[in-house]
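Let me begin by presenting the structure, written as structure tokens, before commenting on it.
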2 protein chains.
Amino acid sequence: MQDRDEDPREPGGDTRSALIRAAIEAFGRDGYEAATTKAIAGAANANQALISYYFGSKEGLYVAAVEHIADQIGARMGPIGECVESETRRLEAELSMPVEDRRIRYFDLLCQMVDGFAEMLTDQESAAWAQVLVREQQQPGPAFDALYGRVQERVLGQMARLVARLNGESSPSAADRLTVLTIVGQVLVFRTARAAVVRFMGWETIRTQQVTRIKHAVHHNLAAMLGVEHE
Amino acid sequence: MQDRDEDPREPGGDTRSALIRAAIEAFGRDGYEAATTKAIAGAANANQALISYYFGSKEGLYVAAVEHIADQIGARMGPIGECVESETRRLEAELSMPVEDRRIRYFDLLCQMVDGFAEMLTDQESAAWAQVLVREQQQPGPAFDALYGRVQERVLGQMARLVARLNGESSPSAADRLTVLTIVGQVLVFRTARAAVVRFMGWETIRTQQVTRIKHAVHHNLAAMLGVEHE
DNA sequence: GTCTATAGTCGGATAGAC
DNA sequence: GTCTATCCGACTATAGAC
């Protein structure tokens, strides 16, 4: 009955990754304590004892799950980040470009990062990731360092550099970093306060249609905050 | 040894409220599942069995805790809310007042609400509350309705009305409500992503000094977003 | 109202056959 | 690598004396 998406009977029978996927789902939905190894093994069509075999313990599985998330996010935000960096260098080099045009390009790049962020936060596929990440923020566990180092530092840092350039500075000040956090917050709230959001907006869920409106609202705010002309 | 802040040996020996206080602490710090009735009873200098006696079950205690938080927040945000409402009515009535002055007053009221919110989120005393609330948002439990009805609906609605008036409308549009959520998000992020925040800013904790800077940054954003002249 | 003691349950980890 | 069976510890809830 309902043979699932994963078939652990593959050659090389990757039970290990099936366990990680199931773990992300479970840890995200129920939290670390409430999630049980039994349920995770069940969802992965694997045996409970294999968790110890592969990861040593429940905590080992959790760490592996968070690292896997960090990799996935890196793969997803990485391209945007690289694009931003190369584009930034190109802009630095083009000395002939007028300041105002340059600002608009920086602004576009910033919007691109925010959009990627918004899509990731609300995307169905990554819903479980987001839940895990939010939990990890509030009670940084043994997996936090890997997460922060691999993803957050890079993304936040890049946004801060863009904001700094928009403000005509060469490197980000404390005020710029604060601004970045308030920008991130404008998107993040739609995940962290999801329950209140859907009630307040009268939405049923947060789908592409809603995400579009969220992006639009945040773009509008950014343009005003940073003093950029915007349609 | 170490007789704590609370002395359950008071006349009327309010073990009940001691349990609620300890429960908020524990549920906030550890989450619902990880918090144990044994630890809660211990922290309250009470007997474990009394939890069943007073609240029926662990879940009963949790609901009581959330309701208590809702009451406390209500008591804290209530005065601001009432002030806002009476002030708003007064402004509606004063037909002679020029539009621009009126906008500035609305803006001030909005800032006041944001400030109250920011203080509450970062305040030491209410740290445990905030943790419980954030958790409850992500996985609305049996206590969510009471919470939303008593607090969030009122606060968000009030902010939305202020934003609507600032935009020259008589009642809040969907866009206004979205704006309100992005405003709330700008403050909320300092709680929900606390771990990343302190690293990114290079802070040790979030104390009054940092809160002041947060408020300042958000005020600046609000002024730009809503098109209000601001120092 | 408050206590002790314990029943009943469940989850994580391990031993050892295959 | 994967399985079954089981141990051990921890937690919630209850029974019942005071």
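In what follows, every chain begins at residue 1, and chains take the letters A, B, ... in the order their sequences are listed.
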query: Whole-Å distance between C/dC3 C1' and B/Ile51 CD1?
result: 14 Å
message: Rounding to an integer number of Å, can you tell me how far B/Phe55 CZ sits from C/dT2 P?
response: 11 Å
field: Options C/dT14, C/dT4, D/dT2, nucleotide nearest the side-chain atoms of A/Ser52
entry: C/dT14
field: CZ/B/Arg154: more than 12 non-hydrogen atoms of other groups inside 6.0 Å
entry: no
query: So, is A/Asn47 near the phosphate of D/dG1, with a side-chain N or O under 4.0 Å from OP1 or OP2?
result: no
query: Closest to the B/Lys58 side chain: C/dG1, D/dT12, D/dA15?
result: D/dT12
task: Quickly work out the A/Gln48 CD to D/dT6 C1' distance and round it to whole Å.
output: 11 Å
statement: Of the listed D/dT4, C/dT4, C/dA13, the closest approach to the A/Ser57 side chain comes from C/dA13
message: What is the distance, to the nearest angstrom, from the CG atom on B/Leu61 to the P atom on D/dT12?
response: 10 Å
- request: Would you mind telling me which of C/dT4, C/dG12, D/dA13 lies closest to the side-chain atoms of A/Thr37?
  value: C/dG12
- prompt: Roughly how many Å is it from NZ in A/Lys38 to P in C/dC10, rounded to a whole number?
  reply: 9 Å
task: Would you indicate what B/Thr36 reaches in the nucleic acid, counting non-hydrogen atoms under 4.0 angstrom: base, sugar-phosphate, or nothing?
output: sugar-phosphate
task: Measure from the side-chain heavy atoms of B/Leu50 and tell me the nearest of D/dA13, C/dT2, D/dC3.
output: C/dT2
- line: Taken to the nearest whole Å, CG/A/Asn45 to C1'/D/dT2 is 14 Å
Closest to side chain of B/Tyr54, choosing from C/dG1, D/dT14, C/dT14: C/dG1
- prompt: Taking atom types as modelled, is there a side-chain donor on A/Tyr32 or A/Glu136 under 3.5 Å from an acceptor on the other?
  reply: no
task: Check the pair A/Asp176, A/Thr179 against side-chain hydrogen bond (donor to acceptor under 3.5 Å, both in side chains), reporting the backbone distance first and the verdict last.
output: CA-CA 5 Å; A/Asp176 293 331; A/Thr179 301; 5.1 Å; no
Residues A/Arg21 and A/Asp14 bridged, charged N to O under 4.0 Å: no
- prompt: Mapping A/Ala49 and A/Tyr53 to their closest nucleotides on DNA chain D, which lands nearer the 5' end?
  reply: A/Tyr53
query: So what does B/Ala34 hit on the nucleic acid, given a heavy-atom distance under 4.0 Å: a base, only sugar-phosphate, or nothing?
result: nothing
Sugar-phosphate, base or nothing in reach of A/Ala35, heavy atoms under 4.0 Å: sugar-phosphate
task: In whole angstrom, give the distance that lies between atom CG of B/Leu19 and atom C1' of D/dT12.
output: 15 Å
Carboxylate-amine/guanidinium proximity below 4.0 Å for B/Asp123 and B/Arg76: yes
- prompt: Expressed in angstrom and rounded to an integer, what is the separation of A/Glu59 atom CD from C/dA13 atom P?
  reply: 9 Å
